[in-house]
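Quick note: numbers below take in every heavy atom, side chains included, and nothing from hydrogens, waters or symmetry partners.
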Amino acid sequence: MDPLVSVIIATRDRPQYLGEAIASALASTYKNIEVIVTDDGGPPENEKIVLAFRDSRLRYRRNRTSVGIGANHLAAFKEIRGEYFAVLNDDDRWSENFLETLVSHLVHDNDLSIAFSDHYVIDAKGDIDAKGTEESTRRWRRDRLTPGVHKPFSRIGVLYKSVPMAVSTLVRTGSIDWTDFPPDVLYDFWLVYLACRNGHGAYYHSERLNYYREHNSNATAAAPEYLSIATISTYALLLRDTSLSEFHTIFRRDYAIAQRRLGMNLILQGRAPEARAHLLKAVRHGGPARASVAFTLSLLGRSLSAKSLQLTQQLYRRTKSRMQAARPT
């Protein structure tokens with residue numbers, strides 16, 4: 001029997017896409033898989049969708065109460081039986097040859113922690129967004145990556161974030177230290193960090209094998225406060241890793257940006273006193289000038305702080321738009 005692959009599909013309130021994600025995993029040309037759907041307190045429809053497949057490779061688990069994105073994944077990770085595992089977002093889908101292609105790289109090279117590919121970007125209807133796809137590839141520098149082995153891969157993994165862990169990555173289960181998995185971190189980014197920390201390699205397969213859906217109900221887009229808090233926690237821990245000291249300047253910048261975003265979000269919610277501590281940390285870590293402005297605004301009255309920040313953000317966006325329009329072509 002070939003090595004088993006565990007597929008993790010975390011879900012909550014997107015039943016309109018869940019069935020498509022499950023179907024794409026089960027249709028894989030690599031058949032020796034288990035698919036674990038982990039439900040974080042979603043509607044009853046989720047379980048009905050899973051059971052309707054009547055496939056013995058499919059398992060359904062449900063948290064009694066909502067535990068959040070990271071903890072929901074971690075709960076499922078604890079049930080992995082496979083020699084390899086992959087995460088599939090409940091609103092994305094895989095090409096049928098994705099697992100078979102990447103499994104072959106890991107099977108033939110025991111010194112690899114992961115294998116990953118590029119992917120398409122699709123819209124809410126499932127149609128390929130050609131422009132968005134090219135922008136994604138360039139944004140995460142996969143257009144500059146040479147196909148093949150990268151060892152070590154900490155630079156492309158935690159600095160450039162070229163590895164799409166929750167979209168197009170297969171991981172050797174034994175390469176992850178599961179005892180070092182805080183529940184309040186960016187789970188996908190943390191997985192990349194753990195996978196590259198052991199010094200082993202990553203294989204990049206440049207073909208686009210999967211489909212990442214961009215829409216207004218993306219889990220992280222719909223939860224900016226969660227995203228900022230998880231980002232802050234993640235970078236705070238990475239800044240303690242002396243083996244990554246060459247990247248600490250960038251980490252401090254991203255830490256400051258996350259503190260500023262959280263602070264500004266709290267101001268807009270009328271929670272100015274809570275915002276100040278985060279904005280002050282952003283300023284102390286060399287955050288952008290907007291952090292200082294936001295901190296000053298947080299000292300105003302509750303309603304005035306939010307209104308002033310909204311006006312400031314509008315002015316910033318208009319100024320940025322005019323500067324971009326004035327650039328010579």
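Side-chain atoms of Tyr60 and Asp39 form a donor-acceptor pair, as typed in the model, at a separation below 3.5 Å. Between the side chains of Glu96 and Thr29, no donor-acceptor pair of N or O atoms lies under 3.5 Å. Looking only at atom types and distance, the side chain of Asp92 has no donor-acceptor partner in the side chain of Tyr212 under 3.5 Å away. Residues Thr137 and Asp143 bring no donor and acceptor atom of their side chains to less than 3.5 Å of each other.
Residue Asn72 forms a side chain to side chain donor-acceptor pair (under 3.5 Å) with just one option from Thr38, Thr11, Asp40, and that option is Thr38.
Ser95 contributes a side-chain N or O that, together with a main-chain N or O of Leu209, makes up a donor-acceptor pair within less than 3.5 Å. No donor-acceptor distance shorter than 3.5 angstrom exists from the side chain of Ser136 to the backbone of Gly132, with no hydrogens or angles considered. Judged purely by atom type and a 3.5 angstrom limit, Arg213 has no side-chain atom pairing as donor or acceptor with the backbone of Ile122. Thr101 places a side-chain N or O within donor-acceptor distance of the main-chain N or O of Asn97, the cut-off being under 3.5 Å. At distances below 3.5 Å, at least one donor-acceptor pair connects side-chain atoms of Thr133 with backbone N or O atoms of Val121. In this structure, the side chain of Ser24 does not engage the main chain of Arg93 through any donor-acceptor pair within 3.5 Å. Side-chain atoms of Asn210 come within 3.5 Å of backbone atoms of Val167 as a donor-acceptor pair (strictly under, hydrogens ignored). The backbone N or O of Glu225 lies less than 3.5 Å from no partner atom in the side chain of Ser228, so there is not a single donor-acceptor pair. When atom types are taken as modelled, the side chain of Asp109 and the backbone of Asp111 share a donor-acceptor pair closer than 3.5 angstrom.
Note that the OG1 atom of Thr231 and the CZ atom of Arg261 stand 8.0 Å from one another [nearest 0.5 Å]. Taking CD1 from Ile232 and CG from Asp184, the interatomic distance works out to 11.0 Å, rounded to the nearest 0.5 Å. Note that the CD1 atom of Ile36 and the CG atom of Leu58 stand 10.0 Å from one another [nearest 0.5 Å]. Taking CG of Leu186 as the reference point, atom OH of Tyr193 lies at 14.0 Å (rounded to 0.5 Å). To the nearest 0.5 Å, the span separating OG on Ser117 from NE2 on His205 amounts to 7.0 Å. Annotation: the span from Leu18 atom CG to Asn46 atom CG amounts to 5.5 Å, rounded to 0.5 Å.
You'll find the ring centres of Tyr204 and Phe116 inside the 6.0 Å limit. For an aromatic pair to be called close, the ring centres must be under 6.0 Å apart, and Phe77 with Phe85 satisfies this. In this structure, the ring of Tyr160 has its center no less than 6.0 angstrom from the ring center of Trp140. The aromatic ring centroids of Tyr187 and Trp190 lie 6.0 Å or more from each other.
Considering only heavy atoms from C-beta on, Arg81 comes within 4.5 Å of Leu4 through its side chain. Put simply, the side chain of Ile8 does not reach to within 4.5 Å of the side chain of Leu88, judged on heavy atoms. Side chains of Arg12 and Ser66 form a contact here, defined as non-hydrogen atoms less than 4.5 Å apart. At least one side-chain heavy atom of Leu145 sits under 4.5 Å from a side-chain heavy atom of Ser162.
Looking at every heavy atom in both residues, Leu244 comes nearest to Ser154 through CD2-CB, 4.1 Å. Taking all atoms of both residues into account, the shortest heavy-atom contact from Leu194 to Asp177 is CD1-O, 3.8 Å. Across Arg172 and Leu106, no two heavy atoms sit closer than the pair NH2-O, 2.8 Å. In this structure, Gly42 and Arg62 approach most closely via the heavy-atom pair O-NH2, 2.8 Å. Closest approach of Glu34 to Glu79, counting heavy atoms only: OE2-O, 4.0 Å. Of all heavy-atom pairs spanning Asn198 and His200, the tightest one is OD1-N, 2.9 Å.
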For this session: Let me see the working for Tyr17 and His215 under ring-ring contact (aromatic ring centres under 6.0 Å, His included), right down to the final yes or no.
Result: CA-CA 12 Å; Tyr17 299 124; His215 53 98; 5.1 Å; yes
For this session: Determine, step by step, whether Arg59 and Val35 satisfy the side-chain contact (heavy atoms from CB on, under 4.5 Å) criterion, reporting the C-alpha distance in whole Å, the side-chain angles of both residues, the deciding distance to 0.1 Å, and the verdict.
Result: CA-CA 6 Å; Arg59 287 193 284 135; Val35 180; over 6 Å; no
For this session: Please report the C-alpha distance between Glu274 and Gln269 in whole Å, then the side-chain angles of each, then the deciding distance to 0.1 Å, and finally whether the side-chain contact (heavy atoms from CB on, under 4.5 Å) criterion is met.
Result: CA-CA 10 Å; Glu274 296 176 60; Gln269 295 178 43; over 6 Å; no
Exercise. Checking salt bridge (charged side-chain N to carboxylate O under 4.0 Å, His left out) for the pair Glu134/Arg208: CA distance, chi angles, key distance, verdict?
Worked result: CA-CA 11 Å; Glu134 293 298 331; Arg208 291 182 176 125; 3.4 Å; yes
For this session: Evaluate the criterion salt bridge (charged side-chain N to carboxylate O under 4.0 Å, His left out) for residue pair Asp118 and Arg142; output intermediate values, then yes/no.
Result: CA-CA 7 Å; Asp118 201 358; Arg142 287 191 287 272; 2.9 Å; yes
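Between Arg61 and Glu47 no salt bridge is recorded (no basic side-chain N to carboxylate O distance below 4.0 Å). Salt-bridge formation is not detected for the pair Lys125/Asp123: no Lys NZ or Arg NE/NH1/NH2 atom is positioned less than 4.0 Å from an Asp or Glu carboxylate oxygen.
The environment of Lys31 atom NZ is dense: over 12 non-hydrogen atoms of other residues, nucleotides or ligands sit within 6.0 angstrom. Arg197 CZ: more than 12 foreign heavy atoms inside a 6.0 Å radius.
Using bins of under 30°, 30° to 60° and over 60° for the plane-to-plane angle, the ring pair Tyr211/Tyr120 lands in the parallel bin.
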